Amino acid sequence: MKRYSAFAVAREALRNNTGWERAWASPEPRKKYDVIIVGAGGHGLATAYYLGKNFGITNVAVLEKGWLGGGNTGRNTTIIRSNYLQDASAAIYEKARSLYEGLSQDLNYNIMFSPRGVMMLAQTQGEVRGFERTAHANMLQGVKTEFIGPERVKQLVPIININGPRYPVLGAIWQARAGTARHDAVAWGYARACSDMGMHIIQKCEVTGIEQSGGKVTGVNTTRGSIGCDKLGVVVAGHSGHVADMAGFRLPIESVSLQALVSEPIKPCMDVVVMANTVHGYMSQSDKGEMVIGGGTDGYNNYTQRGAFHHIEETVRALVETFPMVARLKMLRQWGGIVDVTGDRSPILSKTPVENMFVNCGWGTGGFKAIPGSGWGFAELMAKGHSPLTEAFGLNRFYEGRFIDESVAAGVAH
Amino acid sequence: MSTRLANGGRLLDRGRKVDFTFNGKRLRGYAGDTIASALLANDQMLVGRSFKYHRPRGVVASGAEEPNGLVGMGTGADFEPNQRVTTTELFDGLTCTSQNHWPSLDFDVGAINTKLARFLFAGFYYKMFIHPRPFWKHVYEPIIRKSAGLGKAPDQRDTDTYEHFYAFCDVLVIGGGIAGLQAARSAAATGAKVMLIEQTAHWGGRAPVDGGTVGGQPVDKFVDDLVAELSAMDNVTMRNRTMGAGVYDHGYALGYERVGDHQPAAKGPRHRLWRIRAAQIVTATGAIERPLSFAGNDIPGVMLASAVRDYVVDYGVSIGDRTVVVTNNDDAYRTAITLKKNGLDVPAILDARVPTQDSPLMAEAKSLGIRVLMGHGISSVQGVKRVTGVGVCSQAGEGAVLEEIACDVVAMSGGWSPVVHLWSHCGGKLIWDETTAAFRPDVDKAPTGAKGEAFVTPAGAANGALSLGDVLSDATTAGASAAKAAGHSGGDVTAPEAEQIDEAPMAQVWMMPHGAGIKKRQKAWLDYQNDVKVSDIQLAAQEGYESVEHAKRYTTLGMATDQGKLSNINGLAILSDALGQPIPQTGTTTFRPPYTPISMASITGEARDERFMPIRQTPMYQWHVDNGAFFEPVGQWRRPYTYQKPGESIEQSVSREVKATRASLGMLDASTLGKLVVTGKDAGKFLDMLYTNMMSTLKPGHCRYGLMCGENGFLIDDGVVARIDDNTFLCHTTTGGAESIHGHMEEWLQTEWWDWEVYVANLTEQYAQIAVVGPQARATLEKLTGDDISGDALPFMAWKDITLAGIQARAYRISFSGELSYEIAVKASEGRALWDALLAAGQTANITPYGTEALHIMRAEKGFIMMGDETDGTVIPQDLGLHWAISKKKEDYIGKRAQARSHVTDPRRWQLVGLETVDGGVLPDGAYATAEGKNANGQRETQGRVTSTYHSPTLERGIAMGLVLNGPDRMGEVLEFPRLDGTIMRAKIVDPVFFDKDGEKQNV
Amino acid sequence: MLILTCPCCGVTGEETEFHGGGEAHLKRFGPGSTDEAFHDYLFSKVNPKGVHLERWRHNNGCGKWFHAARDTVTLEIYGTYPAQTTEPPQSVKDAITAKRPGWSWREFA
Amino acid sequence: MSNSVSALNGASATGFATVRDMGLQGMITVRGDLSATAVKQALASALGGEMPGAGHINPSDSGHTAWMSPDELMVLVPYASADAKLAEITDGMGDTHHMAVNVSDARCMFAVSGDDALVREALAKLMPVDLSSAAFKPGQFRRSRMAQVPAAVWMAGPGEARIVCFRSVAQYVFDLLKGATAPGSEVRYMA
């Protein structure tokens, strides 16, 4: 693989870019692989990458029914933070955040991680207490956050209205080293690195069945034929239930539509990411200048990648109230993605009833920020059978009543 | 130069001059102008700079597809960035400024990027700025971000108003061109209720510009007659300046009406967002002309051929004196002919095709003396901020210049693409039409509605019909079939006869010339605003970004404010060619609402400021406002947190309220507490299922504190239940629980135990409730009542109906403070009267209204738990030492099974204790007690956490409650709680009841 | 933005009048049930791509719970029916079968 | 009685239509099996008039009776007589399973008056319901939402709409209606 660098860019510019190679190969599937990952989104590609990088397992295929990075990886609002309350969550999200910091160098692909800081506003007394609790937990978890007052909020975000009549801003939990990244680039960067290790990324290859023998997985049927494997990792977000169904078990998840929107681009006016959970809106400004705005989920199962407009309304009015200047911006585009939500709204990284078949799903509305940590932990789970990062996220927790509930801190899992 | 012609301009009112400014320059136009036409009439071709290279940009189109002409409009609170000049009507006093340049539009330092363009190719940033790592954060990214964006951010609060409107119809026709008008007529003839919306201020679309005759009359006359006919029909609503913004599931459509944009001084809303529910939708959204890809096609003065024609016919504006027309189809000849007929020079038509014989339009152009060069195209355009000429080449070759033609306008046409956005929003599929080289709706794969029925019908040019006759006949059918699908038939409108002008087939020309080398491809723009060129798409394909979505995202093609209206088809044709696959195999990116950007404020509608969200008010709300209440939001309510007196801090105020209540008398507006009446033969059985404790054994006249869990076993609410009579209970819930617990009860009754005889009603708002609390409570109430409320007549945990200050009241002898306490419920409309009466009666006892914080402190002093503090959705009653409130006798209650799971019965669950700081200070909210060591993920081990913590004014020290590992067995042990500043606070485990452990104060 | 017809009051209203309540026809498992049965009751949702029998409440309306047979891919509503039943009425089953021959959902077909 | 005050104490506002808090209004919630003979008889004797069918409101001897749901009616009577009427209903029901409660104070009633089409248009800005004269006639009763709160609406006559909402949101609803009838914001869709 030719390395990317300023020198390479200059060299190629002078010869009209004729020398750039494919970022990833487009191979024909082999008969069998050591590991098959279903789903070439961020989580699936990251899993493959760390299987290779950390465990030397490179006879890996990543199967994708559409185009890589085309699911929620390419549809989310790109927020990266790790100021979670529960230990298990904080561990995996902080692992992810710290990997994000060096990911561009690691992958030799600029994923534009922008540690601009994320703040979550406290707009009720309950939220204040919840975020103070989170701040204390974070301190012991090694996650650097702080609880800041309204004046500091205003200083960091001059366009905010901290004195709204309905929900004045009482403070915020602030994670200075959180931020955003370029979502597509994360998928592309991992894909390029996987391909470089000799892994096969096979797009337009839909899995139609799971092959088993004696309770063990042996391969998958696909629209491009049957492909064998020793281990199978299913990382397909909203479609997880569908794939589990093929293998004969059910997952504690439901698929719902989550919406987002962007404004037209404007000159930089907000330097950080702001989340306002009480009024259900969050916003950041992209490197192109668009205000990127996340909305809520529909209250019913949905596979359409569209959502109902009233959720957009709720989100926009929350943001107009929080940032009055938004009123005179225009909505450029709205879209939806299908997210898989579990019983406690925390993800599942787990073994399954089928031996050697693993699932990584249930990231709900918050998967992007976890990608590197999720891939790291899930690769370890697949390679070794256990991982401290994924330990708490097993399917057994729903039987035991051992939930990982983040909503307790008045926060939401965006 | 561009200028106003002496005559013409069918949309202008030349009698009404309109003054406006652009970049501070005072200019003049006419009523009927858009900003674009007025700027062009004033020779202002340069309107902005492109996003990436800061290239000079001129107006290229005349409608919604315009990618370049975006201005900041208005000032102060009226300022709005990114207003599209081609769709903004001119009004007197309009001010606008161009965007994305510094220091000025004419001299922009950022234009250096155009010199660096060869280094700023598609995706360059993914390959750059990787090393050294800190540079990205501190140097590169800040620079990239500084250069982001187009218009300035507004900096003041918008003072206009906005509103929504819900409309219902049988057939919604989107688009008021001839197709929409004709479809509406055809649908309306069946008697169906029809709504017709049009984004511009005018009806008829571009047909009057293109000309032709219908039924023997000029098309504009046909349009006028049709508009008159439709306007007279009772079952038809016509709405111009209303854009079909989006089509959503089950026939829901958004109409974006710009009510006030063109008349800012008028009263009324600026925008109105229509939420239209239509049984059927006809998309008569027309077609958009495509640019051609040749070198220098972004230089100001290169415009769509149809736009050049529009400016002449609609606005009487000549874009320039000498226009070279370049085309791959017949339609652009109309532009040449129009220009010529208006006395303007057309040095040549460069037609990429090589036809075997002349079509009528070719013949007409030639007969007007226009030189037509077949098989030719543009090698490159000359000029920087304005076209100065073109190099002519053979389309078939590599672009050797055969001739140079001086000109100041290039009118280009690459064919027409149906506007399929609204068809596609809700899942309508497309097919590739080889003859028009465009995607059009696949009518067999329409979006489907609530009953599975197809609910969108495309009509006219939006359906690929391009000639006048075809448009009218297609629209006639579309209107009738939509009406029929909506349940209306008959009507029988036949399509009017239109003049048929035979056109020669277009040719697919995606690159000009066909063999253009890299240097030309690097100067052939696809996306004008985002600076995406043919070479960028080809590079994406070369690097494996083969999916159309990959190519789009890698290059940013079609991601600008025009969302690729001009660039998408050209881009994917280039991509297909690079991949060696047919265009339909490449497919399109997803069309998403809105069709063009709509104001955020219109989406918000009325929900701003005081109407942002409802603020629920108790009957005493105004008193609270008048008496210095510092409010806190609790659900949708606002409750007084404390009543601050002048000069008091919040803490001092709260402390005063607590002390006064404990010393003598306090009172609290407790009206927000939920009050659910549960009645029926099975009411007791039902409450036994809902509460963990036994409610069926409660005696009438008495009260019992109860806990409610969800089916998951965790606490969801608590409150006091009063038994009114054998069949009736009144259940108090928390403030937040009133609606949710009511819903919870209804859910179980309706969906699980529907054969039980129980009814529930939410009477929360029927009653105002006032807690009268403190040693002087009884004496004060006795002043207002003749009823016996002595400890014997009304003991603790009982209730009684009394008359108080002449008001019928129910007094509950319950206490959340540990004091002698009565909660008095009266009809809400008498709540304020009682409040005032109590204030007066309590004056001698220093009656002190207190807020929620004093309430919380007093309950904490007594060790009472608070939902949301001690509970967080993961806490079971057993964690809180509330075993006494869990009936052992009951076989079942909601949550019981869940409480038997292994983690829920784990003896290592943290348990409620009191915490007393060693130094008397206040523990921080949310602090954790540390334990030795770290877990497998390197996180510090913990053994407990603070759930409530206050400074107790009564005890004059910090008190807290917390959940601690084996807590109740560790009384007296000292735990360490690190604070956020790194220091450590030490607290002793104690009993959670800090004050009046024996309850002597409340049981008097 | 769906439209639903409440079988209890007959009103056809837009989604904002209603509140979704997840999978319908769940059998409650209480004390004494196995961990497996209780887990499935609370968490194992069918989450199908296709016909979904689900609960709705007409909360900004008559307040009643009812059931709907809805397609999660096309969003078509095959029918709505009152909640006081353990399985969909034959008319709704027939309506689904007419559109989706061979459908099944939990034990129903 | 003299102490009783409705939520907005009769406040009003006039734009292109007039919005008015109608003051204290007696309201009784009655729940029961509306098809059961005992229930029907008890209600008929206490209220008089025809029982409303689904989605309707009918005049009664001393006010109106509105159909709320298959097992719920809302009885409108003068405020002062609500408790007496409640007692009458309760007596008439005897042992029949039912619930009857006075909810007069839990709610607020507004009138919006003016040109029929304009009144309907003002409401159509806030309620997701087809309120055109063809679709929504006097006698019909619709529970839905008004912006962000539940509300019920009916046409008492041409140009006379009635709205019932919860008391605590009366100010919010008043502000909504006032905004929706602001001069210059006539939609002219139903006219």
Side-chain angles (χ1 to χ4, degrees), chain B residues 161 163-168 193 195 237 239 259-260 266-269 272 274-275 277 605-607 610-611 613-619 621 636-637 671-672 677 679-681 728 757-768 805-808 826-834 836-837, chain D residues 1-7 9 24 27 29 31-32 71-72 79 82-83 95 97-108 121 123-132 134-135 147-149 165-173 175-176 178-180 182-190:
Chain B
T161 61
E163 67 185 25
H164 295 156
F165 192 81
Y166 292 91
F168 296 79
K193 187 174 174 182
M195 180 160 187
T237 300
R239 210 83 195 177
V259 185
K267 281 186 174 174
R272 180 180 291 127
W274 290 69
R275 291 94 90 81
R277 187 69 73 165
E606 87 295 331
E610 78 276 9
R611 287 173 289 168
M613 274 176 143
I615 295 179
R616 295 176 70 185
Q617 305 179 353
T618 72
Y621 183 79
Q636 288 187 326
W637 299 95
S671 306
T672 60
V677 62
T679 191
K681 174 165 71 65
T728 307
E757 286 196 356
V758 182
Y759 285 121
V760 180
N762 183 353
L763 296 186
T764 302
E765 299 195 21
Q766 171 68 13
Y767 299 106
I807 299 168
Q808 290 269 313
V826 298
K827 285 181 180 171
S829 52
E830 295 171 306
R832 176 64 192 270
L834 178 65
D836 291 342
Chain D
M1 258 312 289
S2 58
N3 289 323
S4 299
V5 185
S6 69
N9 202 13
L24 294 166
M27 296 186 207
T29 289
R31 296 192 63 181
D71 62 3
E72 183 177 342
Y79 182 81
D83 282 328
D95 290 340
H97 173 46
H98 81 287
M99 164 185 268
V101 283
N102 185 345
V103 294
S104 314
D105 294 80
R107 297 189 181 148
C108 182
E121 285 184 2
L123 298 175
K125 293 179 183 182
L126 302 167
M127 303 185 76
V129 175
D130 187 353
L131 295 170
S132 62
Q148 299 173 50
V149 296
C165 65
F166 284 110
R167 179 183 177 113
S168 64
V169 293
Q171 186 67 50
Y172 170 73
V173 168
D175 291 343
L176 288 177
K178 189 177 162 187
S185 71
E186 296 87 345
V187 185
R188 308 256 176 235
Y189 172 69
M190 292 176 178

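Sequence lines set the chain letters: A, B, ... in the order given, protein chains first and strands last, and positions in each chain run from 1. Just so you know, these numbers come straight off a predicted model, no measurement behind them.
- In terms of heavy-atom pairs under 4.5 Å with chain D, the best-connected choice from B:Tyr767, B:Trp274, B:Tyr621 is B:Trp274.
- Residues B:Gln636 and D:Ser168 form no side-chain contact, since every pair of their non-hydrogen atoms from C-beta on lies 4.5 Å or further apart.
- When side chains are defined from C-beta on, B:Tyr759 counts as touching D:His97, because their heavy atoms get closer than 4.5 Å.
- In this structure, B:Gln808 and D:Asp83 have side chains that are not in contact, with every pair of non-hydrogen atoms separated by 4.5 Å or more.
- When all heavy atoms are compared, the tightest approach of D:Arg31 to B:Val760 is NH1-O, 2.9 Å.
- Annotation: side chain to side chain contact (heavy atoms under 4.5 Å, CB included) contacts of B:Arg832 (sequence neighbours excluded): B:Gln622, B:Trp623, B:Asp836.
- More than 12 heavy atoms of other residues, nucleotides or ligands lie within 6.0 Å of CD in B:Glu610, so this atom counts as buried by the packing criterion.
- Looking only at side-chain heavy atoms (C-beta outward), D:Glu121 and B:Phe165 come within less than 4.5 Å of each other.
- Both the backbone and the side chain of B:Met613 come within contact range of chain D, judged by heavy atoms closer than 4.5 Å.
- Between chain D and the residues B:Gly268, B:Ala828, B:Ala805, the largest count of heavy-atom pairs under 4.5 Å involves B:Ala828.
- Contact annotation for D:Asn9: neither backbone nor side-chain heavy atoms come within less than 4.5 Å of a heavy atom of chain B.
- Closest approach of B:Lys193 and D:Ser132 over heavy atoms only: NZ-OG, 3.8 Å.
- For B:Arg239, the part sitting under 4.5 Å from any heavy atom of chain D is the side chain, from C-beta outward, and nothing else.
- The side chain to side chain contact (heavy atoms under 4.5 Å, CB included) check on B:Tyr166 picks up B:Phe168, B:Arg275, C:Glu14, D:Pro128, D:Arg145, with sequence neighbours excluded.
- Using a 4.5 Å cut-off between heavy atoms, B:Glu757 contacts chain D through both its backbone and its side chain.
- Interface residue D:Val103: backbone and side-chain heavy atoms are both found under 4.5 Å from chain B.
- Your options are B:Leu834, B:Thr672, B:Thr618, B:Val677, and the one with the most heavy-atom pairs under 4.5 Å with chain D is B:Val677.
- Of all heavy-atom pairs between D:Phe166 and B:Glu765, the closest is CB-OE1, 3.5 Å.
- With contacts defined as side-chain heavy-atom distances shorter than 4.5 Å, the pair D:Gln171/B:Gln617 qualifies.
- Among the candidates D:Asp71, D:Asp130, D:Leu131, the residue making the largest number of heavy-atom pairs closer than 4.5 Å to chain B is D:Asp130.
- Contact annotation for B:Ala167: both backbone and side-chain heavy atoms come within less than 4.5 Å of a heavy atom of chain D.
- Under the side chain to side chain contact (heavy atoms under 4.5 Å, CB included) rule, B:Pro614 has a single partner from D:Leu176, D:Val149, D:Val173, which is D:Val149.
- Residue contact with chain D, scored on non-hydrogen atoms closer than 4.5 Å, involves the backbone of B:Ile615 exclusively.
- Interface remark: D:Met190 contributes side-chain atoms only to the contact with chain B (heavy atom separation under 4.5 Å).
- Of the two parts of B:Val826, neither the backbone nor the side chain holds a non-hydrogen atom closer than 4.5 Å to a non-hydrogen atom of chain D.
- Within the 4.5 angstrom heavy-atom criterion, atoms from both the backbone and the side chain of B:Ala761 approach chain D.
- At distances below 3.5 Å, at least one donor-acceptor pair connects side-chain atoms of B:Gln766 with backbone N or O atoms of D:Asn102.
- In this structure, B:Glu830 and D:Ser4 approach most closely via the heavy-atom pair CG-OG, 3.4 Å.
- Looking only at side-chain heavy atoms (C-beta outward), B:Lys827 and D:Leu24 stay at 4.5 Å or farther from each other.
- Interface remark: B:Ile807 contributes side-chain atoms only to the contact with chain D (heavy atom separation under 4.5 Å).
- Heavy-atom pairs under 4.5 Å with chain D were tallied for B:Thr728, B:Val259, B:Val758; the largest tally goes to B:Val758.
- Only the side chain of B:Glu163 comes within contact range of chain D, with heavy atoms under 4.5 Å apart.
- Looking at D:Ala124, both its backbone and its side chain come within 4.5 Å of chain B, counting heavy atoms on both sides.
- For B:Ala607 against D:Gln148, the heavy-atom pair with the smallest separation is CB-NE2, 3.8 Å.
- Of all the listed residues (D:Asp175, D:Leu123, D:Val169, D:Thr29), the one sharing the greatest number of non-hydrogen pairs under 4.5 Å with chain B is D:Asp175.
- For B:Thr237, the part sitting under 4.5 Å from any heavy atom of chain D is the side chain, from C-beta outward, and nothing else.
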